[in-house]
Amino acid sequence: MTPPSGSPGPDSTTDFDSAQRLMTRFTAQLTTQLDRLGQGDRSGSRQGRRDRPPTLVAVAHGSRDPEALRTVTALLDRVRALRPGLPVRLGHIELNQPLLADTLAALRGEAVLVPLLLSRGYHTEQDIPDAVAAAPHLAARIAAPLGPDPLLAEALHARLAEAGRRAGAPYGAGVGAPYGTGAAGAAAPHRAGVVLAAAGSRDPDAAVDVARTAALLSARLGGVPVLPGYASGSGPTVPEAVRALAALGHDRIAVASYFTAPGRFATQCANATQAAHTTPGVAAAPLGAHPAVARLVVRRYEQAIASAPLSPPAATVGV
């Protein structure tokens, strides 16, 4: 019997089933290939993120002195020169733009915060961790502050030498004279003294760190006594430290400015040298963009990365 016109015959039904199976198989193969392509893209994206180093976020205190921002900018230029290709950003705790919170908000991925601070204290233990906690989109780690470290003693020594050269006699012409090195200062160590002028803090850890830096600087100067003096906190103040050295018979007293950049405290401490001592004293410039400080910023960044993998919870890395 001939099937009615328009009705599928046995052969046409078989052809339809075969075409349907072929289409199903083709769709499955296409889906598999697309899945593999997507996985490859995602894997490549993850690999790309791994290949990019975490952003170094330098955390400065901030100052109303316009020279402070210029100095920190010059320091970070040296850091970039030491590590080409490393993304470097700046964030301030207060007083200057960009603020740390804004810097972190604009970042994505991984970051290592390097405090441009010279000791432990409230900023390293409260302000900076709070800023990281407010940026949960980042995998962040907080490095140790810059101080204490022998590289800072090296930079302080260099700043004292520069100040001595500017002052001329009786401060000597040698690199360290009369602060413990060079023929010009060979007879003066018992008369020379240095005050390490620091910001000061109520945190006892800060005083411990500054005392360690004073010991490092004393050793770098060949045994010249170095007394800490503070612009704030529990003291002693810079004038008190100057008078203490003078009372011990030291008549060549210099102030080493233990500040990252110029600012109110640095100026205040420099002026205190003249106010506290009848003999004209030397007041060195802040650490600024000294090459040793730039090397230390990179060292703190690398130490933070080497200590443990980055993870979303903020962690402070000691040294």
Worksheet item: So Val79 and Arg83, side-chain contact (heavy atoms from CB on, under 4.5 Å) or not? Walk me through it.
Response: CA-CA 6 Å; Val79 170; Arg83 286 288 303 269; 5.6 Å; no

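- Counting only distance, with no hydrogens or angles, the side chain of Thr237 and the backbone of Tyr230 share no donor-acceptor pair below 3.5 Å.
- At a threshold of 4.0 Å, the pair Arg295-Glu154 does not count as salt-bridged, since none of the basic side-chain nitrogens sits closer than that to a carboxylate oxygen.
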Discussion item. Using side-chain contact (heavy atoms from CB on, under 4.5 Å), reason through Val293 and Leu151 one step at a time and then give a plain yes or no.
Written reply: CA-CA 7 Å; Val293 181; Leu151 284 172; over 6 Å; no

Extract all donor-acceptor atom pairs below 3.5 Å that involve side chains of residues 125-136 and protein atoms in other chains or at least two apart in sequence.
unit_1, atom_1, unit_2, atom_2, d
Gln126, NE2, Asp130, OD1, 3.3
Gln126, NE2, Asp130, OD2, 3.0
Asp127, OD2, His123, ND1, 2.6

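- In this structure, Asp209 contributes its side chain and Pro148 its backbone to no donor-acceptor pair below 3.5 Å.
- Using a 4.5 Å cut-off on side-chain heavy atoms (C-beta onward), Leu116 and Leu146 make contact.
- Side-chain atoms of Thr73 come within 3.5 Å of backbone N or O of Leu69 as a donor-acceptor pair.
- Arg191 places no side-chain N or O within donor-acceptor distance of the main-chain N or O of Gly249, the cut-off being under 3.5 Å.
- One N or O on the side chain of Arg159 and one on the backbone of Pro286 form a donor-acceptor pair closer than 3.5 Å.
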Distance-only check: which donor-acceptor pairs under 3.5 Å involve side-chain atoms of residues 84-94, not counting sequence neighbours?
unit_1, atom_1, unit_2, atom_2, d
His92, ND1, Pro98, O, 3.1
Glu94, OE2, His61, NE2, 3.1

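- In terms of heavy atoms, Ala283 sits closest to Ala163 at O-CB, 4.1 Å.
- Among the candidates Val112, Leu113, Thr55, Leu296, the single residue satisfying the side-chain contact (heavy atoms from CB on, under 4.5 Å) test with Tyr301 is Val112.
- Heavy atoms only, all atoms of each residue included: Ala244 and Leu227 are closest at CB-CD1, 4.1 Å.
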Pairs of donor and acceptor atoms involving the side chains of residues 196-207, under 3.5 Å and at least two apart or interchain, shall be tabulated with distances.
unit_1, atom_1, unit_2, atom_2, d
Ser201, OG, Asp203, N, 3.0
Asp203, OD1, Asp205, N, 2.8

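- Cluster membership for Leu104 and Leu99, using ILVMFWY side-chain heavy atoms within less than 4.5 angstrom, is not shared.
- Proximity of a side-chain donor or acceptor of Ser63 to a complementary backbone N or O of Ala68 within less than 3.5 Å is not detected.
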Discussion item. Determine whether Arg70 and Glu67 satisfy the following criterion, salt bridge (Lys or Arg N to Asp or Glu O under 4.0 Å), listing intermediate values before the conclusion.
Written reply: CA-CA 5 Å; Arg70 286 193 287 268; Glu67 191 61 30; 2.9 Å; yes

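- Nearest heavy atoms, Leu95 versus Gly62: CD1-O, 3.8 Å.
- Here the straight-line distance linking atom CG of Asp77 with atom CG of Leu82 works out to 11.0 Å at 0.5 Å rounding.
- Atom CG in Leu221 sits 11.0 Å away from atom CG in Leu216 (nearest 0.5 Å).
- Considering every non-hydrogen atom in both Ala192 and Val224, the closest pair reads O-CG1, 3.7 Å.
- Between the Tyr258 side chain and the Leu118 main chain, a donor and an acceptor come within less than 3.5 Å of each other.
- Of all non-hydrogen atoms in Pro115 and Thr124, the two that sit nearest each other are CB-CG2, 4.4 Å.
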Practice prompt. Determine, step by step, whether Ile142 and Val59 satisfy the side-chain contact (heavy atoms from CB on, under 4.5 Å) criterion, reporting the C-alpha distance in whole Å, the side-chain angles of both residues, the deciding distance to 0.1 Å, and the verdict.
Written response: CA-CA 10 Å; Ile142 303 170; Val59 184; over 6 Å; no

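- For the side-chain contact (heavy atoms from CB on, under 4.5 Å) with Val194, the qualifying choice from Leu156, Val255, Leu160 is Leu160, the only one to do so.
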Item to complete: Verify side-chain contact (heavy atoms from CB on, under 4.5 Å) between Arg299 and Asp149, making sure each step is shown before the conclusion.
Response: CA-CA 11 Å; Arg299 175 183 292 178; Asp149 193 275; 3.3 Å; yes

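- Counting only heavy atoms from C-beta outward, the side chains of Arg141 and Pro54 never approach each other to under 4.5 Å.
- Scanning both residues, Pro291 and Arg78, for their nearest heavy atoms gives CG-NH1, 3.6 Å.
- Here the CG-CZ distance, from Leu75 to Arg80, works out to 10.0 Å after rounding to the nearest 0.5 Å.
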